[in-house]
Amino acid sequence: MKKNIGAADGFVRLLIAIVLICYAILVGPWWLALIAIVPIATTVAMWCPLYEMFGTSTNKEEASRS
């Protein structure tokens, strides 16, 4: 599995996850915290299946190797 998520992209994904979790805890429905699992998982794996499907990558290191 090639890494296709760069550092900035991973940071934004984690930021979105944190915002979703905080919102779910403070105001919103609890299931929003479950949705936050997706950006957390893709950031930890540094791989996004949608990026793979469309042939996109934000990882500069992998892009320079190709």
Side-chain angles (χ1 to χ4, degrees):
M1 192 164 43
K2 288 174 120 179
K3 293 180 179 180
N4 60 9
I5 295 178
D9 190 4
F11 177 75
V12 171
R13 288 170 186 256
L14 282 179
L15 190 63
I16 290 170
I18 291 168
V19 168
L20 277 173
I21 291 170
C22 289
Y23 182 79
I25 290 171
L26 297 174
V27 186
W30 62 270
W31 52 267
L32 282 177
L34 294 177
I35 293 175
I37 293 172
V38 174
I40 291 171
T42 56
T43 301
V44 168
M46 296 301 285
W47 180 77
C48 178
L50 287 175
Y51 282 7
E52 185 79 25
M53 189 167 59
F54 291 115
T56 299
S57 177
T58 59
N59 187 358
K60 293 178 184 175
E61 294 168 0
E62 287 292 326
S64 64
R65 290 183 195 171
S66 299

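None of the values given here were measured: they were computed from a predicted structure. In this chain, residues are counted from 1 in sequence order.
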Rounded at 0.5 Å granularity, tell me how far OG1 in Thr43 sits from CG in Leu15.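 Interatomic distance, Thr43 OG1 to Leu15 CG, rounded to 0.5 Å: 10.5 Å.
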Starting at OG1 of Thr42, measure out to CD1 of Ile37 and round the result to the nearest 0.5 Å.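 If we round to the nearest 0.5 Å, Thr42:OG1 and Ile37:CD1 are 12.0 Å apart.
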Do [X] and [Y] share a hydrophobic cluster, counting only Ile, Leu, Val, Met, Phe, Trp and Tyr and linking them when any side-chain heavy atoms are less than 4.5 Å apart?
X	Y	answer
Val27	Trp31	yes
Val44	Met1	no
Ile25	Ile18	no
Leu26	Val19	no
Leu14	Leu50	no

Between [X] and [Y], which heavy-atom pair has the shortest distance, and what is it?
X	Y	value
Pro39	Ala17	CG-CB, 4.0 Å
Asn4	Cys48	OD1-N, 2.8 Å
Trp47	Lys2	CD1-O, 3.0 Å
Thr58	Gly6	OG1-N, 2.9 Å

Evaluate the side-chain proximity of Pro29 to Leu32: yes if any heavy-atom separation is below 4.5 Å, no if none is.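 A side-chain contact under 4.5 Å exists here.
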Going by heavy atoms in the side chains, are Ile40 and Ile21 under 4.5 Å from each other?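 They are in side-chain contact.
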Shared-cluster residues of Tyr51, by chain and number - hydrophobic side chains joined below 4.5 Å: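 In the cluster with Tyr51 are Ile5, Met46.
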